[in-house]
Amino acid sequence: MLMLGFAGFMGILKIILMALAAFGLFDAAFRREDAFRAADKQNKVFWLIILGIALVVSYLFSILSILPIAGAVASIVYIVDVRPALQQVGGGRGWGRRRGSSSDGPYGPWNGGR
């Protein structure tokens, strides 16, 4: 009974790690190459390879081995460090960017004091 609960927990943890790597991979795939250079981070191909390997490794290996842990660390580094820097340089989201008016400010549209 206890081993069954532990196996279920490890399965959920594996799915979470795969989701982190997949989110990072898809986010990096839809970012522009020049945003990586402007943010002074590694290039886009580097992050695509690292996050792709992290996704495959988290799928193939047990969560208790070192490779999925290294993949999780790479995914977390991308999500916590690289992604915010790319958003700051690119002006928002990479793939779901809202195209607003040129008079839009940081808190919404500017109405000219009306």
**Q.** Phe9 atom CZ: more than 12 heavy-atom contacts under 6.0 Å
**A.** no

Q) Can you get from Ile63 to Ile69 by hopping between Ile, Leu, Val, Met, Phe, Trp and Tyr side chains that sit under 4.5 Å apart? A) no

Q | Hydrophobic cluster membership, Leu60 vs Ile15, 4.5 Å side-chain cutoff | A | no

Q | Hydrophobic cluster of Ile12, others only, ordered by chain and residue number, side-chain cut-off 4.5 Å | A | Ile16

Q | Close side-chain approach of Arg31 and Gln87, heavy atoms under 4.5 Å | A | yes

Q | Least distance between heavy atoms, Lys14 atom then Ser58 atom | A | CE-O, 3.0 Å

Q) How would you list, by chain and number, every residue that makes a side-chain contact (heavy atoms from CB on, under 4.5 Å) with Leu20, sequence neighbours excluded? A) Leu17, Ser75, Ile76, Ile79

Q) Hey, what do you get for CG (Leu86) to OH (Tyr78), rounding to the nearest 0.5 Å? A) 5.0 Å

Q: For Leu51 and Ala28, work out which heavy atoms get closest and say how close.
A: CD1-CB, 4.2 Å

**Q.** same_hphob_cluster(Ile49, Phe36) at 4.5 Å side-chain heavy-atom cutoff
**A.** yes

Q | Point-to-point distance, once rounded to the nearest 0.5 Å, from CG of Leu55 to CG of Leu25 | A | 6.5 Å

Q) So, for Ser62 and Pro68, which heavy atoms are closest and what is the spacing to 0.1 Å? A) O-CG, 3.2 Å

Q) Backbone N or O of Ala29 within a donor-acceptor pair of the Lys44 side chain at under 3.5 Å? A) yes

Q: Check the pair Asp81, Lys41 against side chain to side chain contact (heavy atoms under 4.5 Å, CB included), reporting the backbone distance first and the verdict last.
A: CA-CA 9 Å; Asp81 181 42; Lys41 302 295 178 185; 3.1 Å; yes

